[in-house]
*Asks:* 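Pasting in a structure now, in structure tokens, and then I'll have a few things to ask.
In this text, all values refer to a predicted model and were calculated from it rather than measured experimentally. Quick note: numbers below take in every heavy atom, side chains included, and nothing from hydrogens, waters or symmetry partners.
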Amino acid sequence: MSPGAEVGSTVSRHGIVAIGRNEGARLVRCLASLGARDVPVVYVDSGSKDGSQQVARDAGARLVELDSHTPFTAARARNVGWRELLRMQPGLEFVQFVDGDCELASGWTDVAVRALDVDASLAVVFGRRRERNRNATPWNRLCDMEWDVSPGRVLSCGGDAMVRVRALAEVGGYEDSLIAGEEPDLCFRLRGRGWQVECIAAEMTLHDADMHRFSQWWRRSVRWGHVLAEGVARRGFLYPGLRRAFSACAWTFGFAALAVLLHLLAGPVAFQVVACCWVGGLAAIWCRSFVHVMRRGVTRADAALYASSCVGGKFAQARGMVGYWLDRLLRRRSRLIEYKFVADPQGRGGPVA
């Protein structure tokens, strides 16, 4: 985006891939946060109807528009992006991926490149992602707590991360067909090849979840349930999220089925006993989650919100898992589960179609 980098500087060794779909003003801020860097930038658009394509052109990024005849996924967009980067500059060693609803923190890329240089076993590094309007809504606060990952070796990253090109190419990039959860899948395959993933103690991105309604949080949690179900289907007992998937199913459908069965076999008293155990078990999960997050230094209100989302999220995740298996049973292609609003560059917008 800017003319050449200084000889020997770290910025000449990496490029940036931004992806988006109907991000509006969020994309304007995202690309503006990249504009002062002497690195190649590719923006991959997934059928936006809000003028995102022109926003990218105006910012000077290399625009790639995905063919709408193939289903849109973030994984597909990222693959197209990093491969386009290598066509532009074949010698790139690292790729910084950033979602179109995020702004890259100043100095982050230099920190990330240094971390990858120091440890040759690292394939992926990422830092602290924060919510832009954390306290605007309860749902934004939940996102900000979700992004708060302790530094060190981890199982997977999120959408924003710097990835070593050699490692990315070694595993063939992201899995195009995944409608969500492509990052844990990539990291699973990387770790299977001996690579490591690490969270480092540095500011990385500012995210704009822009969630104002319970329904948005619910759809986002349903999407995570879809990710869990697909992970189990693809990896079986090796899938790191197996326990979480089992927990969501057990505390929703499992207890419901057990209560009905015992009611039929032993009468209403047995049903009531199971129902009390179910309520007590969910209360125990709430308390455990509350204590866990309080130890991270959050307020009591945030801890209560987080604990409530852990319990309520099980029902949404179970719904997502049912949707995934129904799609497989009926041989239907899974569709994107979106929770954002379509917004134009001036910030106006309506629900995602």
*Asks:* According to ring-ring contact (aromatic ring centres under 6.0 Å, His included), who are the partners of Trp147, at least two apart in sequence or on a separate chain?
*Replies:*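 In terms of ring-ring contact (aromatic ring centres under 6.0 Å, His included), with neighbours along the sequence ignored, Trp147 is linked to His207.
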*Asks:* Any pair with a residue in residues 269-294 that passes side chain to side chain donor-acceptor pair (under 3.5 Å), sequence neighbours left out, goes on the list, sorted by first then second residue, please.
*Replies:*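 Of all non-adjacent pairs touching residues 269-294, those that pass side chain to side chain donor-acceptor pair (under 3.5 Å) are Trp286-Ser308.
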*Asks:* Do the side-chain N and O atoms of Asp45 and Ser48 include a donor-acceptor pair separated by under 3.5 angstrom?
*Replies:*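 Ser48 and Asp45 do have a side-chain donor-acceptor pair below 3.5 Å.
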*Asks:* Anything under 30° is parallel, anything over 60° is perpendicular, the rest tilted; go ahead and classify Phe255 against Trp251.
*Replies:*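 Phe255 vs Trp251 ring planes: parallel.
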*Asks:* Do side-chain atoms of Asn140 reach the backbone of Asn135 as a donor and acceptor pair under 3.5 angstrom?
*Replies:*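 No, because the side chain of Asn140 does not come within donor-acceptor range (under 3.5 Å) of the backbone of Asn135.
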*Asks:* Is a donor on one side and an acceptor on the other found under 3.5 Å between the side chain of Arg296 and the backbone of Met145?
*Replies:*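 Yes; judged by distance alone, with no hydrogens or angles, the pair exists.
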*Asks:* Please say yes or no: joined through hydrophobic side-chain contacts below 4.5 Å, possibly via intermediate residues, are Leu104 and Val55 part of one cluster?
*Replies:*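 Result: yes, single cluster for both.
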*Asks:* Output every pair passing ring pair (Phe, Tyr, Trp, His ring centres under 6.0 Å) with a member in residues 312-335, not counting sequence neighbours, ordered by first then second residue.
*Replies:*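 Qualifying pairs: His226-Tyr324.
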*Asks:* Going by the rule side-chain contact (heavy atoms from CB on, under 4.5 Å), which residues pair with Arg62 if we only count those two or more places apart in sequence or in a different chain?
*Replies:*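 With sequence neighbours excluded, Arg62 shows a side-chain contact (heavy atoms from CB on, under 4.5 Å) to Val42, Glu84, Met88, given in chain and number order.
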*Asks:* Would Asn79 and Asp176 count as having a side-chain donor-acceptor pair, cut-off 3.5 Å?
*Replies:*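 A pair is found: one side chain offers a donor N or O, the other an acceptor, under 3.5 Å apart.
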*Asks:* How does the hydrophobic cluster around Phe253 look, that is, which other residues are in it when side-chain heavy atoms under 4.5 Å mark a link?
*Replies:*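 Taking Ile, Leu, Val, Met, Phe, Trp and Tyr as members, Phe253 shares its hydrophobic cluster with Val322, Leu326.
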*Asks:* Under 4.5 Å between side-chain heavy atoms, chaining through other members, with only Ile, Leu, Val, Met, Phe, Trp and Tyr counted: pull out the rest of the cluster around Leu238, sorted by chain and number.
*Replies:*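 Its cluster partners, ordered by chain and number, are Phe188.
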*Asks:* Among Ile, Leu, Val, Met, Phe, Trp and Tyr joined by side-chain contacts under 4.5 Å, find the other residues sharing a cluster with Leu264 and list them by chain and number.
*Replies:*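 When side chains under 4.5 Å apart are linked, the cluster holding Leu264 also contains Val260.
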*Asks:* Does atom CZ of Arg319 have more than 12 heavy-atom neighbours from other groups under 6.0 Å away?
*Replies:*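 Incorrect, the count does not exceed 12.
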*Asks:* Can you establish whether the number of heavy atoms outside Phe271 located under 6.0 Å from its atom CZ is more than 12?
*Replies:*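 For Phe271, atom CZ is not crowded (no more than 12 foreign heavy atoms under 6.0 Å).
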*Asks:* Would you indicate whether the side-chain heavy atoms of Arg189 and Trp195 approach each other to under 4.5 Å?
*Replies:*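 No, every pair of side-chain atoms sits at 4.5 Å or beyond.
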*Asks:* Without placing hydrogens or testing angles, list every side-chain donor-acceptor pair under 3.5 Å for residues 91-100, not counting sequence neighbours.
*Replies:*
residue	atom	partner	partner atom	Å
Glu93	OE1	Arg13	NH2	2.9
Glu93	OE2	Arg13	NE	2.7
Glu93	OE2	Arg13	NH2	3.3
Gln96	OE1	Trp108	NE1	2.8
Gln96	NE2	Ala161	O	3.3
Asp99	OD1	Arg78	NH2	2.8
Asp99	OD2	Arg129	NH2	3.3

*Asks:* Please list, chain by chain and in numerical order, all residues satisfying side-chain contact (heavy atoms from CB on, under 4.5 Å) with Ala301, sequence neighbours excluded.
*Replies:*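 So Ala301 forms a side-chain contact (heavy atoms from CB on, under 4.5 Å) with Arg141, Thr299.
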*Asks:* Please check if atom CZ in Arg234 has more than 12 non-hydrogen atoms from other residues, nucleotides or ligands closer than 6.0 Å.
*Replies:*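 Check passes, neighbour count above 12.
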*Asks:* Can you name the side-chain contact (heavy atoms from CB on, under 4.5 Å) partners of Arg243, sequence neighbours left out?
*Replies:*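 Once residues adjacent in sequence are excluded, Arg243 has no partner under the side-chain contact (heavy atoms from CB on, under 4.5 Å) criterion.
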*Asks:* Running the 4.5 Å side-chain criterion over Ile, Leu, Val, Met, Phe, Trp and Tyr, what cluster does Phe246 land in, apart from itself?
*Replies:*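 In the cluster with Phe246 there is nothing else; it is isolated.
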*Asks:* With side chains defined as the heavy atoms from C-beta onward, is the minimum distance between Phe126 and Asp160 less than 4.5 Å?
*Replies:*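 No, side chains not in contact.
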*Asks:* Sequence neighbours excluded, which residues qualify as side-chain contact (heavy atoms from CB on, under 4.5 Å) partners of Ala303?
*Replies:*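 Listed in chain order: Phe290, Val293, Met294, Val298.
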*Asks:* Minimum heavy-atom separation for Ile200 and Ala115, please, with both atom names.
*Replies:*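 Heavy atoms of Ile200 and Ala115 come nearest at CD1-CB, 4.2 Å.
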*Asks:* Can you name the one residue among Arg164, Arg153, Arg191 that meets salt bridge (charged side-chain N to carboxylate O under 4.0 Å, His left out) with Glu198?
*Replies:*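 Among Arg164, Arg153, Arg191, the one that satisfies the salt bridge (charged side-chain N to carboxylate O under 4.0 Å, His left out) with Glu198 is Arg153.
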*Asks:* Does Arg332 CZ have over 12 foreign heavy atoms under 6.0 Å away?
*Replies:*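 More than 12 within 6.0 Å, yes.
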